[in-house]
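Here is the structure we will look at, set down as structure tokens.
In what follows, chains are A, B, ... by sequence order, proteins preceding strands, each numbered from 1.
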2 protein chains.
Amino acid sequence: MATQKEIARLAGVSVSSVSAVLNGTTHTRMSHATRERIEAAIAEAGYVPNDAARALRRQQAGTIAVVVEKLENPAYKELFHGIYEAAEERGWAVVLGDVVWMRSGSHFLARLLGRGSIDAIVLRQDRLIDEEVLAHLRARPTPVVLVERQADPHDSWIAVDDLAAGRMAAEHLIELGHRDIAFVGGEGQPSAARCEGYATAMRSAGLVSSSPVVTGFGPESGARGLDELRARGVLPTAVVVANVMSAVGLLAAAADAGIDVPGRFSVVGIHDADIADVVRPSLTTVKLPMRALGVRAVEQVSALLAGTPTELGVFTDPPPEVIVRSSTAPPE
Amino acid sequence: MATQKEIARLAGVSVSSVSAVLNGTTHTRMSHATRERIEAAIAEAGYVPNDAARALRRQQAGTIAVVVEKLENPAYKELFHGIYEAAEERGWAVVLGDVVWMRSGSHFLARLLGRGSIDAIVLRQDRLIDEEVLAHLRARPTPVVLVERQADPHDSWIAVDDLAAGRMAAEHLIELGHRDIAFVGGEGQPSAARCEGYATAMRSAGLVSSSPVVTGFGPESGARGLDELRARGVLPTAVVVANVMSAVGLLAAAADAGIDVPGRFSVVGIHDADIADVVRPSLTTVKLPMRALGVRAVEQVSALLAGTPTELGVFTDPPPEVIVRSSTAPPE
DNA sequence: CTGAAAGCGCTTACAG
DNA sequence: CTGAAAGCGCTTACAG
């Protein structure tokens, strides 16, 4: 409740001086005595800066929002961490939200669309977001960085190398000796790219890739994926699943159906998370560089805010990485 | 970038009128023609309100922050949802963050501690937060609601009935016929209350409760819990684990050790999450009313902000609920 | 029915 | 070395 004005009165100085000790950008050669008086007053009064006033005056809030689809997806843990670290380094606070909160009319959305409280948005969405909301977003001055492949040239996006991830997952299985390998994924972009990678690997090995099973992203999608695979006839000897949680769900469904993993059936999940280590059999995964993605996202935000051009698109530098656990083995 | 001033110029009216159509709180009997002209100008210019200016003027931001320990814990999914719904209903936007971001000196912390951009904080922490930060928090005017049992009478807190949850978990096992039941938990409050509940149930049944194994909250803690249990001598026939993810980890460790669950050993986890359904054997849990907790937290925030007294403490109304899955069975 | 003006709490040239 | 003043973009009594 104490304002700079009161601190000024308390210390017998002007607000300019108070602001100066708070920010250190002006009045740099202030007398030691004055500074001490001011600092004492600040401490005594328990002065807390008003971020709204500061944001209004500075024309920037110092906060970026990160909005993702399915906040509870454990694969985001590293992404958030990367974003947080990079943002702090550059002087921003990060706040999080879920895509489902971006309903038209919601206060959450209003805060994102409004100016003054959020400087930029990092958004990860698959297809859940409605087009109306996306259009709103595009129309606003607030920069938006999508961490996901996008077709629209107006969008600023970056993504991990999903194609390589799909390829590496399939290659791992091919190296083990599998020839009949399926792909289970969801709708939308990341899954499509991963599937393309899978198809590439199959082609290179002279194998035929079967048409992808499209389900979704949660555990239940994995179970449905297995159902569909079995409905198609003889179960392949291995599968690439576009998502960890789906892969875990598929593993459970296989156990329920009495299918021996990895003896009869090998499973690779794309994305990594603690859970992969905790299910039994533990899940072989292709780990995506999510932390690096977070860092790049923040760099992108920086660039957008500064008007500096930067490299958009897929980054391949920290490449995906196969983490072999117990859900894959040579075919019987 | 368009401001009300420009809209006013465009529509040939004063900013008061522009503000009036935006908020509807004043100039209620505006002529239809004027209103239409203003609305047209707003649409044409793509006017977006400046939340910082609004917050400064209104002396409230319309945003509450929710900060939890281990954002990736799937048990929070429902809590977040409850908070979001209740907050939206009351006109607030919600933003999320992780307790580890509350380091002294971080911009994230600055935003929480500062005034003007966050009206209140809902905080769930176990013991990760450092006391210095908590002291800061207590010293600020921003209301903080802790969703966790607290001893300090200065704190405003609410919590689910952890004691009942611990009791119900143990009772479920006792009903199945178990007599030798252990407890694995973490440090800190919620685990302690759950353990107390466990002990109560044991006592009521005339059984002796063994001293709790204290590990932590992640999957690895569950594994360590099992190790310690085995190190103590003959493995009990059942265990109550204070947290889902630990329980899942314990399940994995049991599988690795060749211990048959639930045949030789039954496991109940406290808290529920999708994952409980997806591991094999699926995990019997005591589901806590996390959504309701979220709603209460927001009510609490409301009350604090309004200065209205409300009921603090443990709420028992939607009680915890045992969800029987496949990790529990009668002892051999 | 509508507008002029004050003021929310800051930061930042500018003057002295 | 320090202060007076303008202004960021709103909202809200108040006057007419």
Side-chain angles (χ1 to χ4, degrees), chain A residues 1-39 41-42 45-62 91 110-111 114-119 141, chain B residues 1-39 41-42 45-62 91 110-111 113-119 141-142:
Chain A
M1 331 283 185
T3 65
Q4 287 187 12
K5 202 165 146 192
E6 292 173 60
I7 302 299
R9 193 176 44 71
L10 238 60
V13 297
S14 72
V15 291
S16 317
S17 301
V18 177
S19 179
V21 340
L22 251 18
N23 298 290
T25 52
T26 177
H27 290 50
T28 23
R29 32 189 76 213
M30 187 181 297
S31 85
H32 202 63
T34 310
R35 162 159 286 126
E36 292 213 318
R37 263 209 327 287
I38 296 174
E39 279 168 350
I42 286 174
Y47 170 78
V48 179
N50 185 308
D51 288 326
R54 188 173 268 181
L56 176 60
R57 181 54 227 240
R58 287 191 183 157
Q59 294 287 76
Q60 60 164 341
R111 210 80 341 121
R115 292 166 307 130
S117 66
I118 300 288
D119 295 328
Chain B
M1 329 278 186
T3 64
Q4 287 187 11
K5 203 166 148 193
E6 292 173 58
I7 301 300
R9 195 176 42 72
L10 238 60
V13 297
S14 72
V15 291
S16 315
S17 300
V18 177
S19 179
V21 342
L22 252 17
N23 298 292
T25 51
T26 176
H27 291 47
T28 21
R29 31 188 77 214
M30 187 181 300
S31 87
H32 203 62
T34 310
R35 163 161 283 126
E36 292 213 319
R37 264 207 329 287
I38 296 174
E39 278 169 351
I42 286 174
Y47 170 79
V48 179
N50 185 308
D51 289 326
R54 189 173 268 181
L56 176 58
R57 183 52 230 239
R58 289 190 182 157
Q59 294 287 75
Q60 61 164 343
R111 209 79 344 118
L113 297 182
R115 291 166 307 130
S117 67
I118 300 287
D119 295 328
T142 311

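- Listed by chain and residue number, A:Pro141, B:Val48, B:Asn50 satisfy the side chain to side chain contact (heavy atoms under 4.5 Å, CB included) test with A:Arg115 (two or more places apart in sequence, or in another chain).
- Atom CD of A:Gln59 is separated from atom CZ of A:Arg57 by 8.5 Å, given to the nearest 0.5 angstrom.
- Comparing B:Gly12 and B:Gln59, the nucleotide of DNA chain C nearest to each residue sits closer to the 5' end for B:Gly12.
- Not a single donor-acceptor pair under 3.5 Å links the side chain of B:Asp51 to the backbone N or O of A:Gly116.
- Within 4.0 Å of A:Ser19, counting heavy atoms only, lies at least one base atom of the nucleic acid.
- The heavy-atom pair separating A:Val15 from A:Lys5 by the smallest distance is CG1-CA, 3.6 Å.
- A:His27 NE2 to A:Ser14 OG: the interatomic distance, rounded to the nearest 0.5 Å, is 5.5 Å.
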**Prompt:** Which dot-bracket notation, 5' to 3', represents the base pairing of DNA chain C when pairs are defined as Watson-Crick or G-U with both distances under 3.5 Å, crossing pairs as [ ], and inter-strand pairs as |?
**Reply:** |||.||||||||.|||
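- Once rounded to the nearest 0.5 Å, the distance linking CZ of B:Arg54 with CG of B:Leu22 reads 6.0 Å.
- The distance from the CD1 atom of A:Ile7 to the OG atom of A:Ser19 is 12.5 Å, given to the nearest 0.5 Å.
- Where DNA chain D meets chain A (any atom under 4.0 Å from a heavy atom), the bounding nucleotides read 5' to 3' are D:dC1 to D:dC10.
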**Prompt:** What's the verdict on side-chain contact (heavy atoms from CB on, under 4.5 Å) for A:Asn23 and A:Arg58, showing C-alpha distance, side-chain angles and the deciding distance?
**Reply:** CA-CA 12 Å; A:Asn23 298 290; A:Arg58 287 191 183 157; 2.9 Å; yes
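- Among the protein residues, B:Val48 comes within range of the sugar-phosphate backbone only, with heavy atoms under 4.0 Å from sugar or phosphate atoms but none that close to a base.
- Applying the side chain to side chain contact (heavy atoms under 4.5 Å, CB included) rule to B:Leu10 yields the partners B:Ala41, B:Glu44, B:Ala45; only residues at least two apart in sequence or on another chain are considered.
- Of the residues in residues 30-37 of chain B, those with a non-hydrogen atom less than 4.0 angstrom from any atom of DNA chain C are B:Met30, B:Ser31, B:Thr34.
- How far CD of A:Glu39 is from CD1 of A:Ile42: 6.5 Å, rounded to the nearest 0.5 Å.
- Across all strands shown, B:Thr3 has heavy atoms under 4.0 Å from sugar-phosphate atoms exclusively, and none from any base.
- Note on B:Gln4: a base of the nucleic acid sits closer than 4.0 angstrom, heavy atoms only.
- Each of B:Ser16 and B:Ala53 was matched to the nucleotide of DNA chain C holding its nearest heavy atom; the match closer to the 5' end belongs to B:Ser16.
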Listed pairs under 3.5 Å, donor-acceptor, residues 30-37 of chain B side chains, sequence neighbours left out:
unit_1, atom_1, unit_2, atom_2, d
B:Ser31, OG, B:Thr34, N, 3.1
B:Ser31, OG, B:Thr34, OG1, 2.6
B:Arg37, NE, B:Ala11, O, 2.9
B:Arg37, NH2, B:Ala11, O, 3.3

